[in-house]
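What's counted below: heavy atoms across the whole structure, side chains too, no hydrogens, waters or symmetry copies.
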Protein chains: 2
Amino acid sequence: MTDSGTPAVKSVETAFRIIEALHERGGAGVTELASALSFPKSTVHNHLQTLERNEYVVKADDTYRVGCRFLELGAHARDRRPIYEVARPEVDRIAEETGELSGVVVEEHGRGVFLHRAKGERAVHVDTYAGKRIYLHGAALGKAILAHLPEERVDEIVDRHGLPALTENTITDREELAAELAAVRESGIAFDDEERLEGLRSVGAAITGSNGEVLGAISVAGPTTRLREDRFREELPAAVRSAVNVIDLNVTYS
Amino acid sequence: MTDSGTPAVKSVETAFRIIEALHERGGAGVTELASALSFPKSTVHNHLQTLERNEYVVKADDTYRVGCRFLELGAHARDRRPIYEVARPEVDRIAEETGELSGVVVEEHGRGVFLHRAKGERAVHVDTYAGKRIYLHGAALGKAILAHLPEERVDEIVDRHGLPALTENTITDREELAAELAAVRESGIAFDDEERLEGLRSVGAAITGSNGEVLGAISVAGPTTRLREDRFREELPAAVRSAVNVIDLNVTYS
DNA sequence: CCCTGGCGTTCAATGATACTGAACAGCTTC
DNA sequence: GAAGCTGTTCAGTATCATTGAACGCCAGGG
């Protein structure tokens, strides 16, 4: 459990529950949402009407959808992250040069959030997209970030989210994680060998600011069948390193 | 006023008022928000805590910020628009070939929302960004969309938002607007001669689906000094037309 | 060293208000 | 034509969001 004590504005939570349900199914009607969330129809209707009046939800033919107004909030939040502008072209370049999937992630609330992701020619079609949130302990990106956070912060995060097994390779033990993070700190590179998704390997590295604080991480990912030992352990890490190098320079001098 | 009758979930509205205030100033504290919005401190605090617990707001050192979670909602809403995927590369191409600013917009709640925007080499630095909302009557993009909407829908929109003057060239008269829209329908191209921003001219065209419904519009914009008659009236419209052609094909066959 | 002024946070009371479920209206379908 | 599905409206009630004052904290200055 996280916390969720008493003080909370309940109506706001139900509003977001409704928005999320709308988001997941990409549009729905009042009755469908009401039964899915087990709220009374009138409650759902009231909220949808409020959200529509504020232009956060769009209604078309008795079907409500999430509005593009959220793009304003989300894109702005993303653009404000100092890492975004500089990491983006490098991520695009990595994707193009390797042909695989590349992305940039920042930490929020103990989880990773994708700011951007680029597909190379042969990139696998996995579930990464802008805004997608992932567990930090089960991804190269995440482990790279964790490795550069203070130890007590890592404990906080593990306390909050646990170490759920995503595949049979996921690290689910605190000590094992600590050892792994030490190795990442040592080499500067984090590996993910089918720890998040079966058949997917990835290589990541953290971007740190001038004060040593973590700004985020970048990675390349591809199918295990194509990422054999040499490519996985040497070639891709080199590509990531060179990108990090460029990003670091641009972060500190801008 | 638009409408805003009685039925509305007030707490949800104040929550969004707070989010918007946070968004505008890119991070703020409780007291600052409370005095800016003239809500009691405790109310603001309650809402921020609720939003943070739901990971929509991030707190760092007594400063609250809009979280990247909104990106998930916004990016998804954008990606679902059938026009986005196909218009995006064309908009990028236009920006590169003309060196100016290009963008793609959809209609929501009687206003235009930018889904994407690309800057060419010499593009002006104006206030367009993903999620930015604009009045339809004062932009090439907007007039292109209005021209392809049913007449009663246009009336609804004008009733709701009025025809506020954005510059001294903005069309503020309903009949004048109707005549302009007829001309746009005729030629397929909409012009904006400093009607939205002084010194800015733009050229736009609508994208329509197979049933004749408007999916959105694309445009190119640049400073009046660089968009002299020939370029403004012939060259850029040709570029827009060719992009629309490509987009139309990809929309109907996919 | 204490005291003031700023902050974010907590608390308990209360009155507004969000929720509720049944009834309504418009639609398609059988 | 009626049954079943929508989205929508309504009025009562108990919930719960709101409130302002009090608290704890930190920095600065007397």
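- Applying the 6.0 Å contact sphere to CD of B/Glu213 captures more than 12 heavy atoms from other residues, nucleotides or ligands.
- In this structure B/Ser202 satisfies the side-chain hydrogen bond (donor to acceptor under 3.5 Å, both in side chains) test together with B/Asp192, sequence neighbours excluded.
- Distance A/Ile18 CD1 to C/dA18 P: 13 Å, rounded to the nearest Å.
- Rounded to an integer number of Å, the gap from B/Asn46 CG to C/dT9 C1' is 10 Å.
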Side chain to side chain contact (heavy atoms under 4.5 Å, CB included) assessment of B/Leu51 paired with A/Phe16:
CA-CA 9 Å; B/Leu51 291 168; A/Phe16 276 109; 3.4 Å; yes
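- Contacts of A/Glu52 classified as salt bridge (charged side-chain N to carboxylate O under 4.0 Å, His left out), with partners at least two apart in sequence or in another chain: none.
- Applying the side chain to side chain donor-acceptor pair (under 3.5 Å) definition to pairs two or more places apart or across chains, those involving residues 171-180 of chain B are B/Lys143-B/Glu180, B/Asp159-B/Arg174.
- In this structure, of C/dT9, D/dT9, C/dC19, it is C/dT9 that holds the atom nearest to the side chain of B/Tyr64.
- Rounded to a whole Å, the CD atom of A/Gln49 is 13 Å from the P atom of D/dG7.
- The CG-C1' distance, from B/Asp61 to D/dC26, rounds to 13 Å in whole Å.
- For the side-chain hydrogen bond (donor to acceptor under 3.5 Å, both in side chains) test, residues two or more places apart in sequence or in another chain that qualify with A/His116 are A/Asp92.
- B/Thr128 pairs by the side-chain hydrogen bond (donor to acceptor under 3.5 Å, both in side chains) definition with nothing, not counting sequence neighbours.
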Detail all sub-3.5 Å separations between protein N/O atoms and N/O atoms belonging to nucleotides 12-15 of chain C.
none

Donor-acceptor contacts, no H, no angles, side chain residues 77-90 of chain A, under 3.5 Å, sequence neighbours left out:
unit_1	atom_1	unit_2	atom_2	d
A/Arg80	NH2	A/His76	NE2	3.1
A/Arg81	NH2	A/Glu108	OE2	3.3
A/Tyr84	OH	A/Arg88	NH1	2.5
A/Glu90	OE1	A/Arg93	NE	3.2
A/Glu90	OE1	A/Arg93	NH2	2.6

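- Of all nucleotides listed (C/dT10, C/dC19, C/dT20), C/dT10 comes nearest to the side chain of B/His45.
- Within the structure, ring-ring contact (aromatic ring centres under 6.0 Å, His included) pairs that include any residue of residues 25-52 of chain A do not occur (at least two apart or interchain).
- Listed by chain and residue number, B/Arg133, B/Arg160 satisfy the salt bridge (charged side-chain N to carboxylate O under 4.0 Å, His left out) test with A/Glu55 (two or more places apart in sequence, or in another chain).
- D/dT6 atom P lies 15 Å from atom CG of A/Leu48, rounded to whole Å.
- For A/Ser11, taking side-chain heavy atoms from C-beta onward, the closest of the listed nucleotides C/dG21, C/dC19, D/dT18 is C/dC19.
- You'll find that the side chain of A/Ser42 is closest to C/dG21, out of D/dA17, C/dG21, D/dT8.
- Closest to the side chain of A/Val9, from the set D/dA17, C/dC19, D/dT8, is D/dA17.
- In this structure, B/Lys10 does not reach the C/dC19 phosphate: none of its side-chain N or O atoms is under 4.0 Å from OP1 or OP2.
- Taking five base pairs at each end of the helix from C/dG8-D/dC23 to C/dC30-D/dG1 and finding the rotation axis that steps the C1' atoms of four pairs onto the next four gives two axes whose angle is 50°, to the nearest 10°.
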Can you give me the N/O atom pairs linking the protein to nucleotides 3-7 of chain C at distances under 3.5 Å, or say none if there are none?
none

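- When distances run from any side-chain atom of B/Thr43 to the nucleotides C/dG21, C/dT9, D/dT19, the shortest one goes to D/dT19.
- The salt bridge (charged side-chain N to carboxylate O under 4.0 Å, His left out) search around B/Glu24 returns none, not counting sequence neighbours.
- Rounded to an integer number of Å, the gap from NE2 of A/His47 to C1' of D/dT8 is 16 Å.
- The six-membered or imidazole ring of A/Tyr129 lies away from that of A/Phe114, with a centre-to-centre distance of 6.0 Å or more.
- Residue B/Thr14 places at least one side-chain N or O under 4.0 Å from the OP1 or OP2 atom of D/dT18.
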